[in-house]
Structures are given as C-alpha cells and as structure tokens.
Number of protein chains: 2
Amino acid sequence: MERRRQARGERRMAQILDAAAEVFAGSGYENATTNAIAAAAGVSPGSLYQFFPNKEAIAQALAARFVSQMGEAHQGAFADADWAAMTLDEMLDRVVDPIVAFNAANPGFKALFARADMPAGLTEAARPIQAALLGRVETMIAALAPGLPPDGRTRAAVVGIQIFKAMLPLVLAAEGPERAAMTAELKRVLRGYLGSLGSPG
Amino acid sequence: MERRRQARGERRMAQILDAAAEVFAGSGYENATTNAIAAAAGVSPGSLYQFFPNKEAIAQALAARFVSQMGEAHQGAFADADWAAMTLDEMLDRVVDPIVAFNAANPGFKALFARADMPAGLTEAARPIQAALLGRVETMIAALAPGLPPDGRTRAAVVGIQIFKAMLPLVLAAEGPERAAMTAELKRVLRGYLGSLGSPG
DNA sequence: GACGAATACGAGCGATCGCTCGTATTGTCT
DNA sequence: AGACAATACGAGCGATCGCTCGTATTCGTC
C-alpha cells in the first residue's frame with residue numbers, strides 16, 4: 001500500500017503538516033476543514049489527498065511528529081535525572097519549564113493532545129507519548145514517595161498529568177509576567193500534591 | 001417577541017431540555033444534532049423550533065436550568081459556612097462532596113460547562129454561575145490565607161476551580177471504590193494547593 | 001360552535017465539508 | 001527520447017445538519 005515518494009512529495013507532506021498544525025491551533029481539530037489546511041499549505045485539496053487518505057490521517061501524522069519532538073523535550077527533562085538526589089522544587093523546575101516552553105512553541109500540540117474528548121483515531125495516536133510520560137512520572141514519584149504502592153503511584157501520575165494539562169491553557173493564555181506567575185502557581189499545585197503523597201489520607 | 005405559552009408548551013419545553021441534556025451528555029454539544037434531540041424528546045424537528053430559535057438557544061436554556069440547580073447545590077455547600085472556624089479538611093468535605101454528587105447526577109452538565117473550548121453563546125450562559133462560584137471560592141480562600149493580596153486570591157480561586165474541572169472527568173469515570181479513591185485524590189490536590197497559599201513561593 | 005392562537009408534523013432547502021475524479025504536468029528510469 | 005509513476009489541480013459529488021415552511025390539529029375564550 002505504501003507509495004514511492006519523491007523528494008518533492010516529502011516536502012509537500014511537511015508543508016501540509018505545518019499548515020495543519022497552524023489551522024488546528026487556530027480552530028481546533030473538529031472545526032478545521034481540510035480545504036482550509038490545503039489552502040494554508042498552498043496546495044489544492046486534490047493534492048492534499050494524494051498524501052493523506054483522510055483528515056484523521058493528517059492529525060495522526062502531525063501527532064506522530066509532535067510525539068517525536070515531545071520525546072526529545074522529555075529527554076532533556078527526564079533523562080539522566082538522579083531524582084533521589086534532588087529536592088522536590090528542583091524536580092519541578094527541571095520538568096515543568098521545558099514542557100511549558102514546548103507547548104508555548106507548538107500551539108497546535110494541545111489542540112490534538114490536551115482535549116477532554118478526542119476523536120477515535122487521535123486517542124490511538126496520543127497513546128505512545130502518554131504511556132511514555134506516565135512511566136517517567138511514575139519513576140519520579142517512586143523516588144519521591146518510596147512507600148507508595150504501585151497502584152497509588154499510577155494514580156498519582158495520572159492525576160499529576162491531568163493537573164498539568166488543565167493548567168496549561170491558563171499558563172499559555174497569560175503573557176509575560178502573568179505567565180511566570182501562572183507557571184509558579186502550576187508548580188505550587190504540583191508541589192503541594194506531590195509533597196503530600198508520602199503521608200496517608 | 002415573547003409568545004404566550006400554554007401548559008402543554010411548557011411541558012414540551014421541559015421534555016426537550018431533558019432530551020437535550022441526555023443527548024449532550026452522550027455526544028457532546030458539537031456532535032449532538034437537533035434532530036436527535038427532537039427524536040429523543042418524542043417531537044418533530046418543526047415542533048422543537050417552535051420553542052427554541054436555534055441549537056444554541058437550547059443549550060442556553062439548558063444551561064440556565066443547570067445554573068439554578070447548581071445554585072441550590074452551592075447554597076448547601078457554601079452558604080452559612082463559618083470558614084474561620086473550620087479546618088481545611090472540613091472545608092473540602094463540605095464543598096467537594098456535594099458538587100461531585102451534582103455532577104454525577106447531571107451528566108449533561110459538564111458537556112456544557114467543563115469544556116476547554118466553548119461555543120460563543122455558551123460562554124455567556126456559563127458566566128453567571130462561574131462568577132458566583134469564583135466569588136464563593138475567593139471568600140473561602142480569604143479565610144484560609146488572610147495575608148494573600150486580592151489578585152493572588154483571584155488567581156488562587158481560578159486555579160482551584162480549574163483543578164476541580166480537570167479532575168471531574170477522572171472522578172466521574174471511576175466507579176464505586178475507585179471513585180472514592182479519586183475523590184480523596186481530588187481533595188488531596190486541593191488541600192496541598194490551598195494549604196500552601198499562606199507561605200510564599 | 002366559532003374563531004384565533006398555540007401546538008404539531010415532517011419533507012426537504014441551503015449551506016457546509018470531507019473527499020473524488022478526470023485531466024494536465026513534472027520527475028525518474030532505461 | 002520514450003514510458004510510466006508521482007505530483008498537481010479544482011470543480012463538484014454525496015452526505016450531513018441546522019433549520020424552514022406549508023399544512024393539519026388542539027386549546028383557550030367568547
């Protein structure tokens with residue numbers, strides 16, 4: 001089923017994904033029209049459909065691209081971290097800032113990932129990165145609250161990620177010093193929650 | 001512009017709003033079709049449009065109904081509360097449980113209110129309840145952290161409400177003991193955050 | 001019972017949108 | 001150069017959906 005692509009085709013696909021990110025960021029996935037994506041890419045609808053079988057495939061391909069980029073950002077945030085030797089505040093600085101920066105730089109990202117109700121194919125596309133993120137947060141939490149049982153650890157990671165996703169729009173909507181204040185508030189929420197995991201109740 | 005309604009008409013409107021709540025809960029606002037709402041209400045599309053000028057008006061009327069019901073729920077949770085005499089845990093029990101119960105009993109509610117991206121008219125409809133909620137949470141926070149300046153208080157209330165909205169799907173998706181655990185986790189998040197408001201940073 | 005208003009119906013209009021198809025052009029390989 | 005695949009175009013198809021309109025029935029009022 002795979003088709004042999006020329007260099008021109010690869011370039012077109014990248015153009016289309018750029019345009020899709022832009023349009024998704026502006027209108028959200030549902031309201032974005034494929035004709036608008038094609039127009040934003042400077043391409044006819046027919047050409048668009050020579051590279052992607054349908055709208056969902058565009059979102060999936062864009063999601064895949066985001067996944068790999070986000071993977072690199074996470075690499076910087078999570079990899080080679082000796083959690084046991086860090087304070088909670090240090091952990092938060094290390095993790096929160098780069099992820100906020102990534103989301104600020106890629107406004108299309110949250111239109112595909114940080115949604116309460118995701119179209120069928122998108123959940124699938126988002127799964128790898130969410131699973132990876134969950135695992136990384138779990139190991140961080142394990143260092144933070146060694147006494148916590150595994151299911152509690154998973155639940156804590158899910159909650160922490162959910163909090164992050166919820167606060168992101170608030171952080172990104174703010175500008176300049178307001179954004180700094182909101183980022184601080186996000187860290188305060190996470191610090192308060194994660195710091196309490198050691199004690200019961 | 002107001003039309004004289006018969007008792008039959010009032011009943012129909014209530015039926016239609018019931019059906020709309022059901023359909024919105026099942027499909028979300030965007031994916032819900034007016035024909036589906038009419039069918040669920042046992043009414044023809046034409047009849048539906050004798051009572052509501054358009055789809056948005058249905059959502060607004062339903063929102064208004066939710067607002068008044070939610071107002072009563074908040075009355076029980078917030079009114080006549082002597083926050084100064086209560087511990088943080090007592091405050092949380094008093095506020096969180098009834099609101100979670102309300103949302104569990106009205107699944108259509110969060111389809112209209114707890115959305116990141118709301119259609120134009122819905123933001124308007126949701127404003128009164130959100131303003132009321134914000135004010136109530138602010139007074140609670142004022143009792144909790146007297147030293148906090150007003151803008152910090154508002155920000156804290158916004159953040160607290162956002163956390164609540166984010167955790168709601170997690171809580172409602174869980175069943176039985178899982179839900180209790182998730183509710184406890186929600187309280188833990190809020191306790192950690194609100195409890196830290198007194199100290200800087 | 002008569003008359004107007006309110007209620008009820010449902011086929012279908014108009015607009016939107018994802019996507020197709022016939023055709024023309026450009027690139028690649030021998 | 002010739003041949004075939006890949007790329008490109010854009011008018012428009014088919015389906016969906018919010019909503020309308022002509023008409024029929026029921027209710028309130030005298």
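Order of the sequence lines sets the chain letters (A, B, ...), proteins ahead of strands, with each chain counted from 1.
If you check residues 34-44 of chain B against DNA chain C, the residues with a heavy atom closer than 4.0 Å are B:Val43, B:Ser44, listed by number.
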- [ ] Check the pair B:Ser44 / B:Ser47 against side chain to side chain donor-acceptor pair (under 3.5 Å), numbers first and verdict last.
- [x] CA-CA 5 Å; B:Ser44 77; B:Ser47 291; 3.3 Å; yes

Task: Step-by-step side chain to side chain contact (heavy atoms under 4.5 Å, CB included) determination, A:Lys165 to A:Gln162 - done: CA-CA 5 Å; A:Lys165 289 206 287 192; A:Gln162 188 75 4; 3.9 Å; yes

Task: Residue pair A:Arg94, A:Asp89: steps toward the salt bridge (Lys or Arg N to Asp or Glu O under 4.0 Å) verdict - done: CA-CA 9 Å; A:Arg94 173 138 186 184; A:Asp89 282 321; over 6 Å; no

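Looking at B:Gln130 and B:Arg127, their side chains never bring a donor and an acceptor atom within 3.5 Å of each other.
Aromatic ring pairs are classed by plane angle as parallel below 30°, tilted from 30° to 60° and perpendicular above 60°; the pair A:Phe78 and A:His74 is perpendicular.
Rounded to whole Å, the distance from CD on B:Gln50 to P on D:dT25 is 15 Å. The distance between atom CZ of B:Arg11 and atom C1' of D:dT26, rounded to the nearest whole Å, is 12 Å.
Geometrically, B:Lys55 engages B:Tyr29 in a cation-pi contact, judged by NZ or CZ lying under 6.0 Å from the ring centre and within 45° of the ring axis.
Taking all atoms of both residues into account, the shortest heavy-atom contact from B:Leu186 to B:Val96 is CD2-CG1, 3.9 Å.
Protein chain A touches strand DNA chain C; the 5'-most and 3'-most nucleotides with an atom under 4.0 angstrom of its non-hydrogen atoms are C:dC17 to C:dC29.
Checking B:Gly9 against B:Gly46, the closest nucleotide of DNA chain C that is more toward the 5' end is the one next to B:Gly9. Nearest-nucleotide mapping onto DNA chain D: of B:Gln6 and B:Ala32, the residue sitting toward the 5' end is B:Ala32.
Residues A:Tyr193 and B:Tyr193 keep their aromatic ring centres 6.0 Å or farther apart.
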